[in-house]
Structure formats: structure tokens, C-alpha cells
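Right, one structure below, let's go through it.
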Amino acid sequence: MSSFELTGRRVWVAGHRGMAGSAIARRLLRESCEIVTATRGELDLLRQADVQAWLAGRRIDAVFLAAATVGGIQANSTRPAEFLYDNLVIESNVIHAAKEAGVKKLLFLASSCIYPRMAEQPMREEALLTGPLEPTNEWYAIAKIAGIKLCQAYRRQYGCDFVSVMPTNLYGPQDRYDAEGGHVAAALILKIHAAKMANRATVELWGSGAPRREFLFSEDLADACVFVMKNYSGEMFLNVGTGRDMTILELAESIARIIGWRGTFTFDRSKPDGMPRKVMDVSRLRALGWSAPTDFETGMKEAYRWYVANAAESGS
Ligand code: GFB
């Protein structure tokens, strides 16, 4: 097993304001490294020359590339240009600039939506590019596949130690709690909390409630990213998840129980279901020695606690 020391290193978390990046920055506080961040005002990742100039002057040893334009099924399918263009440009700029600046190690966060719509479940890393993508998120998936390929290409041609991880669906602090554009877990926390506050008896779910998804706590993803950065080097990317899934209706019922709302769910079947099932085969990462420490109930209670303390009033 390869080993990369973080102690004493200068580590840039690109995307430190998002759900994954903020969790990585918090997790790195335990690593005795120097955490470097830049706000969007300080550095626009869409501008190649700015990214190169910024990295050239900073002696960064390691990069966590968590910056991306993200969102749930509706945002993905209604803003295809942004999801494709922003993500292609951000990852190209950061990966190329990291090579130019002599960054020693880079970890790129891709997404489980890169796998074909009808991939065999649980999805193994080998399923990449074996079939057509899920139409609701193919733009985002194409960009993330390109990011994985960039890491592999820079490793082959320039010897860069750049690796990729494939997180499954996430939930946790600093997600976008937005009923229209958010991921399903955040959107349901928002909608069910609002129903409880307003004493409403029903909450509408999109689609049929039957699709199956796997949910990983963002703090566990961060722990996995630090583990991979320290312990893994290779061209093959690694799935990160729990290996367990549930239906969207089961997710909604679990969140309702945690929030303490006793109503019923209705279904808006004009909204898409998306991929019928998405659950990761996590045996590669498990064999390296990492598995998700937080059970769903504990993680979701923490996500809800964060939502109530930080985002519930503004509804954003
Ligand atoms: O997280 P999500 O929006 O995207 O979940 P994906 C979508 C699933 O939840 C669909 C159902 O089956 C929806 O019909 N759903 C039910 C809802 N109610 C709601 C709701 O109120 N909001 C939302 N958003 N969904 C994601 C990609 O695909 O996969 C992400 O959008 C990322 O970009 C992630 O790649 C891994 O799971 O379908």
C-alpha cells in the first residue's frame, strides 16, 4: 500500500464552501497540515490563467479537488450547459495547473452518476463506460468521466500522482437545502421540516418513490478522501459509499421519523425517477482498510440538527 504523509504539508481544498469540500477541510484539522483555501472572489476556478498564477505562487503539496457545479436531478436536467461546461473547465484548470506547479498529490471527486443507467448492481469500478448513461445527469457524468480520465492521463504521460474517488449520493452539513435544485436528501429534510412547522398532513415526493439510492454522510466521505490521499496511489478510481441502499420512499419515511412528522407522502409522477437503482460495490476501498463509520440514523440526525441551526429559517 502506498503512503503519502500529510503532516507539515500545504494542502489546498478547492471547493471548501460546498458539502464535500467543507467536510474535507474540517477533517483535515486532525492532520497537522496547513489548509489553504480561496473564496470565489479571490480565485475564479473558471479562469485558466488565474488558476495557474494562483497555484504557481503557493507551494501547494496536495490538492483535494471538490469544487464543482452540483445539484439534484432537476438542476442536472434543466441546466445541462452549466453542469457540463463549468465542471469540464474547473477540473481541467485545476488538474493542469497542479501539474504545472509540481503538486505532489491530487485527489479528484467524481460521482456515482458516471456509471451506465443499467449497470449491474452493486456497481463495480469496471462498469465505467460499458453502456449508455442516465439521461437526467449525463452532462454532469460526462464532465466527471473527463475528470477521471484527466487524472489517469496526467499519471500516464507526466507521472503525476493524481487519483479519483467516486462518491455515492451524499447528505450532511452545507448541502444546498433547496426544494427545487437540491439533492434528494436535502430537499426532503427541507420539505418535511416545513410540513411539520406548518402542521401540513402531506408532503409530495417526486417520481414514484421506488428508485433505490445509497446515502453516505458527508463527514464519512471526507474521512475516506483523507484515507485515500494518504494510502492509495493508482490509475484505478475508487468507489466510496456504504454498499447499502434504500428506496426514496424509505428515505422519506426515515427522515420523517427523525424530524418527528407524522403525515403521508403523495407522488408527483410528472417528475423523473432517474436511475432505477444506484448502489456501489465498495469492496476495493474496504480491502484497503476503509469502511463508512457512521450509520444512517446517526448521520441523518446530525444533518437535520445542522439544518435547523443553520439553514432552516432562510430555507436555502
Ligand atoms: O439526489 P437526486 O436529486 O439525484 O435524487 P440522483 C433523485 C431521486 O429522488 C429521484 C427522487 O428518484 C427523484 O424522483 N425524489 C423524490 C426527489 N423527491 C425528490 C425531491 O424533492 N428532490 C429531489 N432532488 N429528488 C444524482 C445527481 O442523481 O446523483 C447528482 O443529480 C449526483 O448530481 C448524485 O451525481 C450522485 O440520485 O438521481
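Order of appearance sets the numbers: ligands from 1, and atoms from 1 within every ligand.
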For residues Cys160 and Lys99, report the shortest heavy-atom separation together with the two atoms involved. SG-CG, 3.6 Å
With a 4.0 Å cut-off on N to O distance, would you call Glu31 and Lys230 a salt bridge? yes
Within ligand 1, which atoms have a heavy atom of Asn169 less than 4.0 Å away? 1 (O), 29 (O), 34 (C), 36 (C), 37 (O)
Is there a polar contact between ligand 1 and Pro272, counting only N or O atoms under 3.5 Å apart? yes
Can you tell me which residue and heavy atom of the protein come closest to atom 8 (C) of ligand 1, and the distance to 0.1 Å? Ile248 CD1, 3.9 Å
Under 4.0 angstrom from ligand 1, any heavy atom of Glu134? no
Considering only heavy atoms of Gly72, which atoms of ligand 1 have at least one such atom less than 4.0 Å away? 3 (O), 31 (O)
Which ligand 1 atoms does Asp273 reach within 4.0 Å, using its non-hydrogen atoms? 10 (C), 12 (O), 14 (O)
Is the closest N or O pair between Trp206 and ligand 1 shorter than 3.5 Å? yes
Counting heavy atoms only, which part of Lys191 comes closer than 4.0 Å to ligand 1: side chain, backbone, both or neither? side chain
Is any side-chain N of the basic residue among Arg58 and Glu34 closer than 4.0 Å to the acidic one's carboxylate O? no
Is there a heavy atom of Lys144 sitting under 4.0 angstrom from any atom of ligand 1? no
for atom 3 (O) of ligand 1, nearest protein heavy atom and its distance come out as Ile73 N, 2.8 Å
So, is Glu204 polar-close to ligand 1, with some N/O to N/O distance under 3.5 Å? no
Classify the contact between Val184 and ligand 1 as side chain, backbone, both or neither, using a heavy-atom distance cut-off of under 4.0 Å. both
I'd like to know if the side chain of Asp61 reaches the main chain of Arg10, judged simply by a donor and an acceptor atom lying under 3.5 Å from each other, with no hydrogens or angles considered. yes
Atoms of ligand 1 close to Ser112 [distance to a heavy atom under 4.0 angstrom, numbered from 1]: 36 (C)
Quick look: Ala75 vs ligand 1, heavy-atom contacts under 4.0 Å, and the answer is neither
Main-chain N/O of Thr298 paired with Asp295 side-chain donor or acceptor, under 3.5 Å: yes
Has Glu125 got a side-chain atom pairing as donor or acceptor with Met236's backbone, closer than 3.5 angstrom? no
Give the atom numbers and elements of ligand 1 that come within less than 4.0 Å of a heavy atom of Cys113. 35 (O)
What are the two closest heavy atoms between Ala186 and Asp175, and how far apart are they? CB-OD2, 3.3 Å
A student checking ligand 1 against Pro211 at a 4.0 Å heavy-atom cut-off should list atoms 12 (O)
For ligand 1, is Met275 a contact, meaning one of its heavy atoms is under 4.0 Å away? no
For Glu214 and Thr168, what are the C-alpha separation, side-chain angles and deciding distance, and is it a side-chain hydrogen bond (donor to acceptor under 3.5 Å, both in side chains)? CA-CA 7 Å; Glu214 173 187 10; Thr168 191; 3.1 Å; yes
For Arg244, does the CZ atom sit with more than 12 other heavy atoms under 6.0 Å from it, leaving out its own atoms? no
Given 3.5 Å as the limit, does a donor-acceptor pair link the side chain of Lys144 with the main chain of Leu109, or not? yes
Chi angles and distances behind the side-chain hydrogen bond (donor to acceptor under 3.5 Å, both in side chains) call for Asp223, Trp290: CA-CA 9 Å; Asp223 193 58; Trp290 190 89; 2.8 Å; yes
Does Gly147 offer a backbone N or O that forms a donor-acceptor pair with the side chain of Glu91 under 3.5 Å? yes
Can you tell me how far CD1 of Ile35 sits from CG of Leu29, rounded to the nearest 0.5 angstrom? 4.5 Å
Val70 heavy atom under 4.0 Å from ligand 1: no
Go through the steps to decide whether Leu28 and Val13 satisfy the test side chain to side chain contact (heavy atoms under 4.5 Å, CB included), and finish with yes or no. CA-CA 9 Å; Leu28 284 173; Val13 182; 3.6 Å; yes
Checking heavy atoms under 4.0 Å, the part of Asn137 that sits near ligand 1 is side chain
Distance under 4.0 Å to a non-hydrogen atom of Tyr140: what atoms of ligand 1 satisfy this? 33 (O), 35 (O)
Distance under 4.0 Å to a non-hydrogen atom of Gly182: what atoms of ligand 1 satisfy this? 24 (N)
Note: Glu120-Arg124 ion pair, threshold 4.0 Å (strictly below): no
Within the structure, does Lys278 bring an N/O atom to less than 3.5 angstrom of an N/O atom in ligand 1? yes
Asn76 to ligand 1: N or O pair under 3.5 Å? yes
Does the pair Phe296 and Tyr171 meet the rule for a ring-ring contact (aromatic ring centres under 6.0 Å, His included), with working shown? CA-CA 10 Å; Phe296 177 80; Tyr171 65 93; 5.6 Å; yes
Please verify whether a non-hydrogen atom of Gly71 lies at under 4.0 Å from ligand 1. yes
Give yes if a backbone or side-chain nitrogen or oxygen of Ser111 is under 3.5 Å from a nitrogen or oxygen of ligand 1, and no if not. yes
Provide, to 0.1 Å, the distance between atom 38 (O) of ligand 1 and the closest protein heavy atom, together with that atom's residue and name. Arg213 NH2, 2.9 Å
Going by distance only, is there an N or O of Leu205 that falls short of 3.5 Å from an N or O of ligand 1? no
